[in-house]
Amino acid sequence: MAITIGLDFGTHQTKICIENSDTPSHKTYEFYEWEDGVYALPSIIQINKNHTLRYGSIDLESCLISHKRKIVANPGELTLPVPPVKPDIPVVNEPKMPPQPVYTFVTDGGMTMTIPYKDLYGIEHPLPQKKGKSNPMKIWYKKCQKLKLDYEKRMRKWVHMNGTRLGLPMPVEPVYPPKPAEIDLASAIPESINPLLIASNEQKDEYQSWLNQCTLLKKQYNRAVERRNQQISQYKKDIKIWESECERIKRNYAHRKKQYEDSLVEYPMIYRYFKQATFSAYLWDYEIKHEDLTVLYLAYIIFRLEERFGMDFSIQMGIPASKATFNRLKILACGYLIQAIRLVEDIFQNDFEKFLATPYEELLSKIPKYEYSEDLKMQYGLIILPEAYAALRSLTTNSRIPRGMSIMLDIGGGTTDISFFVIEDNGEPHIYHFESIAKGLNFFLEYEDRHRFRTIDFSQDKKLEDVPRKVFKKAFNEFKGNIDTIIRNLTDFLHKDTISRGFIKSAFSDALQNRPIIYTGGGCYDNRMRMPILDFSDVKYIDKKILRIPNVVEENRITIPYSLMATAFGLSVQRLNDEIEVSKKEDLFAKYKNVNKQHSRWIAHREHGMYED
């Protein structure tokens with residue numbers, strides 16, 4: 001019996017499509033029915049009160065309530081750093097200035113008088129002059145200037161008239177009056193000024209020396225005040241740093257205390273999202289490792305499949321991966337599947353009842369050692385494909401997608417997988433880019449709590465409809481912004497590439513107008529999630545009509561939306577290997593290089609809708 005299992009191991013639920021190619025010309029497809037009318041197995045593991053495991057559903061009556069998170073160490077008592085020691089700040093007193101020098105003299109009347117030097121004329125008081133007294137030096141200077149200007153004027157006139165040729169006498173230089181003698185200072189002083197109040201040079205020097213002493217003392221005082229202020233300022237800074245450090249330590253302590261207290265809280269032992277944590281950066285802070293839960297969940301699926309098909313089937317499983325991460329994650333996924341198969345076949349000898357009756361502590365200890373090799377992969381018949389590729393393959397296997405460039409978004413519980421592809425002449429997709437981002441349905445469900453430390457109670461099954469409108473809008477804007485960036489980077493590169501090959505600027509933009517953007521996956525059942533992205537505005541949603549799966553077993557009984565089953569169907573279409581042919585984006589328009597211009601235009605129009613006119 002040629003059976004291929006398409007295993008869509010999802011973050012929220014797992015779907016299986018089975019391809020039976022016993023008759024190659026008449027292959028049949030069947031969606032695995034977990035229970036009567038149930039075609040999706042919730043990705044849930046519950047630990048029962050007797051420590052056995054329950055898969056795919058929750059029963060709080062039988063659920064074990066216990067410590068779920070890793071036990072965090074008790075942070076103990078809060079210890080704060082010692083406050084900085086207050087420095088010995090000196091008291092700086094105002095300086096005692098030396099006495100100002102004074103002048104003592106006896107008046108004509110025999111009276112002794114004492115006045116400060118600063119009140120003497122010539123120190124801080126200028127000497128006044130007699131009223132109406134002219135300055136002989138100024139008068140002499142003005143006369144000299146007048147004689148000089150008059151001579152220069154006559155000289156210019158003589159030159160202008162060419163006095164030498166006309167025999168005119170040359171002007172004679174003026175005779176300047178003698179310079180007057182220096183003015184007697186005392187004669188210029190009004191008679192009302194007592195000559196004894198005019199400072200001598202010795203008094204001026206003594207007063208200046210006193211000023212210099214005062215200035216020096218003030219400078220020394222100011223420097224002492226500055227040093228004291230610097231000590232005070234530094235102490236205030238040290239106090240502020242200490243207070244800030246205390247606040248930081250208090251915050252960290254409160255956080256660690258909360259972690260410790262939360263780790264002691266007993267929750268229903270129910271686990272979800274272990275698949276997302278295994279293949280992406282989802283925060284996992286629970287006592288049981290997410291990869292162990294993944295192996296135990298896959299083992300349950302292997303048991304179910306082998307109960308029906310024996311061991312004669314191959315498994316093709318999808319993983320959320322981009323072109324850059326696929327090879328690394330493919331090895332991990334294969335290793336986990338090998339562990340699950342060995343747990344079923346080697347450890348439990350296909351005894352399903354014994355497996356279900358074994359306490360989880362013993363199950364964890366029995367999980368085989370992780371191993372991977374190409375030989376083991378081939379021995380167990382394992383194929384690992386990117387979920388983006390699998391969803392795309394389901395769409396293009398039987399349905400009609402218009403020629404040209406298209407985008408597919410597979411929105412899952414933990415990730416969103418993006419495929420950029422071109423449908424060629426034979427109707428097959430040619431992939432030029434695929435990528436996976438760690439934002440899916442969970443990003444919306446946990447958006448309000450994304451910045452807070454919390455332990456999720458997985459017994460509460462939150463729906464997208466439960467997210468408040470404002471929260472949904474904020475989450476969607478951030479989510480769509482990530483998608484926009486990825487697609488814009490791709491289309492901007494291709495736009496520049498077409499221009500470099502001789503196409504006009506608008507050719508590529510015109511070709512993208514109203515191109516298909518195809519939504520699939522459980523995260524897009526809400527029509528608010530299905531929006532145009534940039535120029536990809538022809539929104540399509542995978543349904544039964546678009547998918548067109550041939551020869552579906554008991555198709556009339558299937559009620560699950562085909563958008564949820566598309567990836568499982570794409571995974572079930574048998575492949576011989578998991579080498580995915582993904583061309584470089586540089587290759588998309590490479591064929592138009594060095595091709596006859598008219599022929600090149602015709603091919604570009606026929607294949608991509610690129611116009612040159």
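In this structure, T114 contributes its side chain and Y103 its backbone to no donor-acceptor pair below 3.5 Å. Proximity of a side-chain donor or acceptor of D150 to a complementary backbone N or O of K146 within less than 3.5 Å is not detected. Distance alone, capped at 3.5 Å, places no donor-acceptor pair between the S537 side chain and the P532 backbone. A distance-only check finds a donor-acceptor pair linking the side chain of T485 to the backbone of G481 [under 3.5 Å]. The backbone N or O of E202 lies less than 3.5 Å from no partner atom in the side chain of Y207, so there is not a single donor-acceptor pair. The backbone N or O of L211 sits less than 3.5 Å from a side-chain atom of T215, completing a donor-acceptor pair. E291 places no side-chain N or O within 3.5 Å of a backbone atom of T278 that could act as its donor or acceptor partner. R530 places a side-chain N or O within 3.5 Å of a backbone atom of C524 that can act as its donor or acceptor partner. Judged purely by atom type and a 3.5 angstrom limit, E362 has no side-chain atom pairing as donor or acceptor with the backbone of P359. With hydrogens and angles disregarded, no donor-acceptor distance shorter than 3.5 Å links the side chain of S209 to the backbone of D205.
Contact between Y360 and M269 at its shortest, heavy atoms only, is OH-CE, 4.3 Å. The minimum heavy-atom distance linking A321 with L329 is given by the pair CB-CD1, 4.0 Å. Summarising the geometry of K148 relative to Y176, their closest heavy-atom pair is CB-OH, 3.6 Å, with the distance given to 0.1 Å. Taking each heavy atom of L464 and L445 in turn, the nearest pair found is N-CD2, 3.7 Å. Contact record, T11 with G414: OG1-N, 3.4 Å, taken as the closest heavy-atom pair. Nearest heavy atoms, I319 versus K330: CD1-N, 3.6 Å.
With ring centers used as reference points, Y389 lies 6.0 Å or more from F434. Residues Y370 and Y372 keep their aromatic ring centres 6.0 Å or farther apart.
In this structure, F274 and F9 have tilted ring planes: the angle between them lies in the 30° to 60° band.
In this structure, the side chains of C63 and I47 stay at 4.5 Å or more apart for every pair of heavy atoms. Contact of the V159 side chain with the R156 side chain is not registered, since no non-hydrogen atoms from C-beta on lie closer than 4.5 Å. Proximity of D484 to L534: side-chain heavy atoms (C-beta onward) are separated by under 4.5 Å at one or more points. Annotation: side chain of I123 is in contact with side chain of L120 (closest heavy-atom distance under 4.5 Å). Looking only at side-chain heavy atoms (C-beta outward), M529 and Y519 stay at 4.5 Å or farther from each other. The shortest side-chain heavy-atom distance between S280 and P320 does not fall under the 4.5 Å cut-off. In this structure, L588 and S583 have side chains that are not in contact, with every pair of non-hydrogen atoms separated by 4.5 Å or more. Considering only heavy atoms from C-beta on, I517 stays 4.5 Å or farther from M408 through its side chain.
In this structure, Y253 OH and Y260 OH are separated by 10.0 Å, a value rounded to the nearest 0.5 Å. Expressed to the nearest 0.5 Å, how far CZ of R256 lies from CG of L78 amounts to 8.5 Å. Interatomic distance, OH of Y267 versus OG of S66, reported as 12.5 Å (0.5 Å rounding). With rounding to the nearest 0.5 angstrom, the NZ atom of K218 is 14.5 Å from the CZ atom of R223. Taken from CD in Q213 to CH2 in W210, the straight-line distance is 9.5 Å, to the nearest 0.5 Å. Atom CG of L80 is separated from atom CD of E247 by 9.0 Å, given to the nearest 0.5 angstrom.
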Working note: I431 + F420, criterion side chain to side chain contact (heavy atoms under 4.5 Å, CB included); need CA distance, chi angles, decisive distance, verdict. CA-CA 6 Å; I431 300 178; F420 173 78; over 6 Å; no
Show, in sequence, the C-alpha distance, side-chain angles and deciding distance for S509 and S506, and conclude whether the side chain to side chain donor-acceptor pair (under 3.5 Å) test is met. CA-CA 5 Å; S509 300; S506 61; over 6 Å; no
Assess the residue pair Y117 and E206 against the criterion (side chain to side chain donor-acceptor pair (under 3.5 Å)); give the C-alpha distance rounded to whole Å, side-chain angles, the decisive distance to 0.1 Å, and a yes or no. CA-CA 9 Å; Y117 275 18; E206 187 180 354; 2.9 Å; yes
Could you walk me through whether N212 and Q208 pass side chain to side chain donor-acceptor pair (under 3.5 Å), step by step? CA-CA 6 Å; N212 291 341; Q208 186 61 46; 3.2 Å; yes
Applying salt bridge (charged side-chain N to carboxylate O under 4.0 Å, His left out), run through R488 and D492 and close with a yes or a no. CA-CA 6 Å; R488 185 180 289 109; D492 283 353; 5.2 Å; no
Applying side chain to side chain contact (heavy atoms under 4.5 Å, CB included) to Q230 and Y235, what does each step give before you reach the verdict? CA-CA 8 Å; Q230 285 178 346; Y235 175 65; over 6 Å; no
Does the salt bridge (charged side-chain N to carboxylate O under 4.0 Å, His left out) test come out yes or no for E387 and K275, once each step is laid out? CA-CA 13 Å; E387 290 175 355; K275 182 255 187 174; 2.9 Å; yes
Worked check of side chain to side chain contact (heavy atoms under 4.5 Å, CB included) between D535 and T491: CA-CA 10 Å; D535 290 320; T491 55; over 6 Å; no
Could you check R228 against V91 for side chain to side chain contact (heavy atoms under 4.5 Å, CB included), going step by step and ending with a plain yes or no? CA-CA 8 Å; R228 180 197 64 187; V91 177; over 6 Å; no
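A ring-ring contact (aromatic ring centres under 6.0 Å, His included) with F472 is found for one member of F444, F479, Y447 and no other, namely F444. Only one option out of T325, D410, D417 pairs with S436 in a side chain to side chain donor-acceptor pair (under 3.5 Å); it is D417.
Atom OH of Y151 sits in a crowded spot, with more than 12 heavy atoms from other residues, nucleotides or ligands closer than 6.0 Å. Heavy atoms from other residues, nucleotides or ligands lying under 6.0 Å from NZ of K323 number more than 12.
Remark: the Y271 side chain and the Q46 side chain contain no N/O donor-acceptor pair separated by less than 3.5 Å. For the residue pair H51/E361, the side-chain donor-acceptor check at 3.5 Å is satisfied. In the model, Y221 has a side-chain atom that pairs as donor or acceptor with a side-chain atom of E94 under 3.5 Å. No side-chain donor from either of E226 and N222 sits under 3.5 Å from a side-chain acceptor of the other. Side-chain atoms of N482 and E478 include no donor-acceptor pair closer than 3.5 Å.
Judged by the 6.0 Å distance and 45° axis criteria, K439 is positioned over the aromatic ring of F443. For the pair K68 and Y286, the cation-pi test (distance below 6.0 Å, angle within 45°) is passed.
A salt bridge between E446 and R272 is absent, with no side-chain N of the basic residue lying under 4.0 Å from a carboxylate O of the acidic one.
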